[in-house]
Each structure stands twice: as C-alpha cells, then as structure tokens.
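Have a look at the structure below before the remarks.
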Amino acid sequence: VTDEQILAVIERALVEIAGDEILITGPITPATSFNADLELESIEFVALAEKLQQQFGGSVDFVGWISKKELDQIIALTVGELVEFIASCRS
Amino acid sequence: MRRYLGERERAEHDAIGVRGKRGHLLGRIAIKDAVRLHRWRSVPGHAIWPVEIAVSHEPNGRPTVGEWPRVSVAHKDDVAVALVDDHADCGIDIERIEPRTAAFLAIAFTPGELALGAGREADEWYARLWAAKEAVGKARGTGITDPKQLEVRAAAGERLTIDDFTIDTRREGDYVIAWTRRLAS
C-alpha cells in the first residue's frame, strides 16, 4: 500500500464522517491539519479510528497512538503524520 | 453579528474555515449571553452589552473572558451551550443522540460504562457518556485523547462521576448536554 493510497482511504473516511463539505477548502493533503483545517471534533476522531481499523486492521491503533501525544502535538496533527503512522503499522 | 462581536473577534471569525464558522459564532453568542446572565444575577441591574465581553482563546483552545469567571462552550449542529464558573475551570458539551456502531462503542467506552447504562435507552446513554467525558476533558484543559481514560464510574439519575468530577447531564430533544458541576461556594 502506498502513501497515496493511505491518503485516499483517509480522505474517503473523513467524507463519510463529516460529509462532502469537509473538502470545501480543497482536497486533503499531507499538510492538512485535523484541527485548524478540518476542525474535526473528538467524537469524529473516534469514528475515524473505527474506519481506519476496518480498512487496515486492528494493528492500526489510532486512539492508542494519539493518546501518547502531548496536547500541542494533537492540536497540530496533520494528515501526513497519520499516513506515516499507518504505513509504519503495516511495515 | 455586529451586536455580538468586537473588531478583533470579527477578524478571528472571518479567518475560520467554512466548516467551523457557524458553530464558532453560535459559541461566541452563547458565551457572551451566559456571562451577561451571570453578571446580572451576581449584581442585579448590572447590564452589559455582548460586545463588552471580549472572548479569546488559550493555546489549548479553552475560551476565556479574562481571568474570571471561567467559561466553557460547546456546539452541535445549530445549538450552542455555554457554562460559567466563578470558582474553577469548567467544561460543557452537547452531543446528538444517534445510533453508534459496536466498533465505536468498543473504542469509546469501557465495559463498566456500558454496564452502568443497563436499563437505560442505549443511544441516549452513549451520548451522555461521551458528553460527560468531553466536559471533564474541557474542564481539565486536556480534551479527550483516549476516551476510556476518562471513565464514568458512577451514575445516579442524570448525575455522573468521572474521577473527582461530578457531571450533570440533561436531555434536550435529540441532544444531551453535560456540564461539570459548580463547586459549592
């Protein structure tokens, strides 16, 4: 699985969770921030975690990964960092 | 909007993405009205205009109106709620009551939390649990990272307990509102 394919899965999951309007400011890129750009709510993070597990299997523990981060890291979290994490779980 | 937002606040509002804009404005209105009502109650006859209350944000995202009172805000869809506390950091949340998948429940809640909801309407209970966690995450300024770490350990009617926090909850139509309880003064 390439990083581009992982990014596409994340984008599809985000649209399912938050609707098409999430793409209103443009396509999701590695630089897209979950907080500042997508304004994703905590409960939507859980929905995202659920979809990532469905797609990539239980080894992708998004909640476990995120809970080890400091608050400022979570606020600054980008889609690219998530792609990297998913790729590392699968390698 | 001119009635509610000052110049700096309007500039901040303009800079917000499409997705968050409506909720942001509703939230600002809710905070300002909550503070105005609070002032009116504390000092009867003390009326202030919404624009006189300047709302800004701490780095962790927590809204402030100066040092005191502490405030918290939440919104969902077209509803915003705010909380004011003179004595401690506080937190409020609102969630829509809707069906959740088994996978969602497994990620968000502990077996103990699900057991506490026995005999209650399931979807409403999930909204209460989540809103309570969110309220405590906001009061602490940490938000929710691992939802299971903010575990609801007791529930009496609409009052829930997480660690040393007591959280009151209330259903309003299709939503549940949860807020950390004001400490006795």
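Letters A, B, ... are given to chains in the order of the sequence lines, protein chains preceding strands, and every chain is numbered from 1. Nothing here was measured: the structure is a model prediction, and the numbers come from that model.
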Residue [X] versus chain B: region with a heavy atom under 4.5 Å:
X     : value
A:A36 : neither
A:L48 : neither
A:E70 : neither
A:I74 : side chain

According to a hydrophobic-cluster definition based on side-chain heavy atoms being under 4.5 Å apart (Ile, Leu, Val, Met, Phe, Trp, Tyr only), do [X] and [Y] belong together?
X      : Y      : value
A:V79  : A:F56  : yes
B:I144 : A:L77  : no
B:I167 : B:W125 : yes
B:I53  : B:L37  : no
B:V176 : B:V79  : no

### Summary
What one should report as the nearest heavy-atom pair of A:V46 and B:P147 is CG2-CG, 4.3 Å
### Task
Between chain B and each of A:D37, A:L38, A:D61, A:N35, count heavy-atom pairs under 4.5 Å; write down the option with the most.
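Most pairs with chain B among the choices: A:L38.
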Once rounded to the nearest 0.5 Å, what's the spacing between atom [atom1] of [X] and atom [atom2] of [Y]?
X     : Y      : atom1 : atom2 : value
A:L71 : B:T145 : CG    : OG1   : 8.5 Å
A:S42 : B:E134 : OG    : CD    : 3.5 Å
B:H75 : A:E41  : NE2   : CD    : 6.0 Å

### Task
Report, as yes or no, whether the 6.0 Å neighbourhood of atom CZ on B:R170 holds more than 12 heavy atoms from other residues, nucleotides or ligands.
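Not more than 12 within 6.0 Å, no.
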### Query
Within a reach of under 6.0 Å around CZ of B:R22, are more than 12 heavy atoms found that belong to other residues, nucleotides or ligands?
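For B:R22, atom CZ is not crowded (no more than 12 foreign heavy atoms under 6.0 Å).
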#### Entry: Contacts of residues 92-111 of chain B with chain A (heavy atom under 4.5 Å)
B:E95, B:R100, B:T101, B:A103, B:F104, B:I107, B:A108
